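For reference, the structure discussed in these notes is given below.
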There are 2 protein chains.
Amino acid sequence: MPENIPDEGRTTPATLEDVARAAGVSLATASRSLNGSNRTVNETYRTRVLDAAARLNYSPNLSAQAVARGSTMTVALVVADISDPYFSSIAAGVVAEADRERMIVTMAASERDPQRELDIVRTLRGQRPKVIILAGSRREGDPTEAALRRELDDYERAGGRVVLISRNELGFRTVTIDNAPGAEALATSLVGLGYRGFAVLIGNRELKTAADRYEGFVAGLAQSGIRIDPDHVVRSAFTRDGGYDGMRQLVSRGLDDIDVVFAVNDVMAVGALSALRDAGLNPGVDVAIAGFDDIPTVQDVWPTLTTVRVPLVDVGRKALRIALADRPGDESPVATEVVVRDSTPPVR
Amino acid sequence: MPENIPDEGRTTPATLEDVARAAGVSLATASRSLNGSNRTVNETYRTRVLDAAARLNYSPNLSAQAVARGSTMTVALVVADISDPYFSSIAAGVVAEADRERMIVTMAASERDPQRELDIVRTLRGQRPKVIILAGSRREGDPTEAALRRELDDYERAGGRVVLISRNELGFRTVTIDNAPGAEALATSLVGLGYRGFAVLIGNRELKTAADRYEGFVAGLAQSGIRIDPDHVVRSAFTRDGGYDGMRQLVSRGLDDIDVVFAVNDVMAVGALSALRDAGLNPGVDVAIAGFDDIPTVQDVWPTLTTVRVPLVDVGRKALRIALADRPGDESPVATEVVVRDSTPPVR
DNA sequence: CTGTTAGCGCCTTCAC
DNA sequence: GTGAAGGCGCTAACAG
């Protein structure tokens with residue numbers, strides 16, 4: 001193959017063979033000294049190999065190791081959108097835990113498209129990752145779900161571990177989040193604060209996370225005998241702009257019977273805040289707002305946002321731990337917690 | 001090796017050999033049909049191989065390919081903090097571009113620790129990535145800098161490509177960002193709005209990005225004959241909490257001669273906003289605030305934040321493109337742009 | 001155009 | 001405890 005890049009000065013990384021030769025031992029001994037199973041090698045040789053390796057700046061070729069061992073040390077993480085604080089926090093947790101385990105994490109973005117997610121999972125197989133973590137974008141009645149399940153089943157049958165984040169739809173290991181209970185508790189808190197007229201920015205209803213939170217919220221209100229006007233439930237994208245648009249719709253329809261709006265996630269709530277303001281209204285005063293997730297920025301908006309805390313980084317860490325556990329083990333849901341802030345002052 | 005996980009039902013992924021056999025052709029033909037250089041294979045065989053591959057759900061083992069080819073298709077991205085919107089936006093850009101190029105991206109977090117960054121780069125070598133992208137955490141007078149440069153030099157000599165984001169310190173390909181000019185323009189804008197008493201939350205002064213922005217800002221003020229009181233330059237962490245703390249210091253010292261505070265990045269500015277509010281002051285009214293980066297959330301805080309826009313996602317995309325270009329090519333800086341919002345109303 | 005045959009870098013029985 | 005040799009899955013000359 002004609003290489004137009006000058007090869008002169010091109011260095012080839014030292015191979016294990018180089019190290020072995022430099023240390024005057026066999027390939028096998030070198031291998032055993034550097035990685036090999038529990039010390040079954042003479043200390044003299046051992047240090048000689050280590051020295052040689054250091055001298056040559058040797059770094060084992062992970063691909064070669066993977067081929068020889070028949071398995072990798074990589075965890076593949078697929079999220080909907082990396083720049084969304086929800087996912088980037090989870091990713092931070094996964095990366096932190098992977099670092100502890102000396103594993104490598106690869107990343108892909110589904111862009112909230114189930115078909116894309118499926119394609120990604122398919123191409124992921126080429127990596128032969130030890131773990132696949134899927135965060136977000138599971139939907140109700142998703143036509144690709146069967147195919148995805150099949151793909152993941154095959155993958156597990158081949159020895160891989162899959163972990164889902166949020167809700168156990170597909171029968172794999174899962175980091176479940178107390179979405180419904182959290183939303184229910186939030187509803188209770190809001191009722192306790194005196195709110196009676198509710199609206200919900202439900203985002204994309206097909207998203208299971210969104211649906212769970214909505215249903216939990218409805219259940220919470222029901223306990224106080226409060227029902228939610230169907231006209232006050234608005235769908236829009238599960239994003240900041242979706243929250244903005246949803247709130248705009250509410251405003252244009254009139255906020256008469258509404259004194260608090262629950263957005264099923266914080267980025268939407270924050271968008272809603274801005275929509276209110278842009279409409280000349282005063283969030284927290286003219287109408288209250290609550291979100292879900294407790295992403296970092298909600299403490300810096302004004303009014304600070306009432307929400308339900310989800311320990312996102314922990315969720316990421318836990319995802320990998322669950323994956324690595326010998327048996328399915330602790331799959332107790334991650335607890336959520338209502339955090340009341342300024343966006344929902346007590347009524348009257 | 002004793003495997004305590006039951007192997008029964010364990011499926012082994014189809015290998016290229018399986019495909020070849022199923023298609024009744026040789027290994028080479030199968031290889032050529034599925035990946036091989038430009039079509040030099042009989043259409044009949046070709047389709048037969050493709051069929052067999054589909055039937056067996058074949059997926060090439062990337063590690064094996066990497067070993068055989070002597071190179072991978074992975075790009076290693078190391079950032080300071082994945083959950084920081086600055087870095088997660090850049091990461092989103094890198095991942096998006098990598099997807100186009102059918103490359104895999106691996107991710108690591110340096111946690112703003114140069115030593116850790118160096119360690120990461122060292123262990124990265126094992127992956128034999130085609131590209132290494134380093135975002136953030138370069139510091140002035142960093143004792144590990146020489147070692148890092150050496151490591152990266154070795155890596156490039158071995159055929160890898162390194163791309164730095166922000167400032168070209170080490171002589172590698174770089175996505176430079178117009179930090180100083182942007183800050184200078186911001187200063188000019190603020191002076192134009194009538195501001196005269198300036199303070200700066202400089203973050204970690206050793207961070208080159210922070211230093212550049214500060215110096216650009218000072219230069220911009222100098223053009224109007226304005227100097228900045230050294231007591232009004234406060235150091236703190238380059239984070240949201242750093243911004244909060246920095247502003248708190250300013251407040252406790254007294255804001256008498258200060259009518260606008262420039263935080264060298266948006267997360268700090270947003271923290272400063274909250275600190276002001278917590279001190280019972282009214283941001284934008286009692287004292288103005290400006291940041292740098294234009295991260296998404298600054299449009300949702302109140303007052304909306306005046307800042308200098310950096311097209312972060314584009315920066316990430318560009319980083320990979322620059323890496324992949326045959327020659328160093330277009331290294332013109334990414335332009336920044338002042339965006340005036342509500343946090344810096346015209347004076348009087 | 002196709003098949004045979006060396007490798008790629010490393011691990012791991014298997015004898016010594 | 002050590003080394004020789006075969007093999008992991010795939011690619012790339014090299015002959016036919």
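Small disclaimer: the values here were computed from a predicted structure and weren't measured. Only heavy atoms go into these numbers, but all of them, side chains included; no hydrogens, no water, no symmetry mates. The chains referred to below are lettered A, B, ... by the order of the sequence lines, with proteins before strands, and numbering in each begins at 1.
The side chain of A:Gln65 has C:dC10 as its nearest neighbour among D:dC10, C:dC10, C:dG9. Of all nucleotides listed (C:dC10, C:dC8, C:dT4), C:dC10 comes nearest to the side chain of A:Ala68. Of the candidates D:dA4, C:dC11, D:dT11, D:dT11 carries the atom nearest the B:Ser31 side chain, counting heavy atoms from C-beta on. In this structure, of C:dG9, D:dG1, D:dC10, it is D:dG1 that holds the atom nearest to the side chain of A:Asn42. Among the nucleotides C:dG3, D:dT2, D:dG9, the one closest to any side-chain atom of B:Thr15 is D:dG9. Counting only heavy atoms from C-beta on, A:Val67 has its side chain closest to C:dG9 among C:dG3, C:dG9, C:dC11. Closest to the side chain of A:Val41, from the set D:dT11, D:dC8, D:dT2, is D:dT2. Side chain of A:Leu27, nearest nucleotide from C:dT2, D:dT2, C:dC10: C:dC10.
The shortest side-chain heavy-atom distance between A:Thr106 and A:Leu77 does not fall under the 4.5 Å cut-off. Considering only heavy atoms from C-beta on, A:Val163 stays 4.5 Å or farther from A:Leu134 through its side chain. Counting only heavy atoms from C-beta outward, the side chains of B:Lys130 and B:Thr74 never approach each other to under 4.5 Å. Residues B:Ile82 and B:Phe87 fail the side-chain proximity criterion, which asks for heavy atoms closer than 4.5 Å.
The separation between B:Glu43 atom CD and C:dT2 atom P is 10 Å, rounded to whole Å. For A:Arg125 and D:dC10, the CZ to P distance is 11 Å, given to the nearest whole Å. Summarising the geometry, the separation between CG on B:Asn61 and P on D:dG7 is reported as 18 Å, rounded to the nearest angstrom. Atom CD in B:Glu17 sits about 12 Å away from atom P in C:dT4, given to the nearest Å. The separation between B:Leu62 atom CG and D:dC8 atom C1' is 15 Å, rounded to whole Å. If you take CG of A:Leu16 and P of D:dG3, they are 13 Å apart, rounded to a whole angstrom. Rounding to whole angstrom units, CZ of residue A:Arg69 and P of D:dG9 are separated by 16 Å.
Between the two ends of the helix from C:dC1-D:dG16 to C:dC16-D:dG1, each summarised by a five-pair axis, the helix axis turns through 40° (rounded to 10 degrees).
Considering every non-hydrogen atom in both B:Thr44 and B:Thr47, the closest pair reads O-OG1, 3.0 Å. A pairwise comparison of heavy atoms in B:Pro114 and B:Asp142 identifies CB-OD2, 3.0 Å as the closest pair. When all heavy atoms of A:Val49 and A:Val19 are compared, the closest pair comes out as O-CG1, 3.8 Å.
If you check distances only, the side chain of B:Arg32 does reach the base of C:dG3 with a donor-acceptor pair under 3.5 Å. The base of D:dG9 has none of its N or O atoms less than 3.5 Å from a complementary donor or acceptor on the side chain of A:Arg128.
Just one residue in the list B:Arg317, B:Lys318, B:Arg102 forms a salt bridge (Lys or Arg N to Asp or Glu O under 4.0 Å) with B:Glu97, and that residue is B:Arg317.
For the pair A:Ala14 and B:Tyr45, both in contact range of DNA chain C, the more 5′-proximal nearest nucleotide belongs to B:Tyr45.
Applying the 4.0 Å criterion to OP1 and OP2 of D:dT11, one finds that B:Asn35 has a side-chain N or O inside that range.
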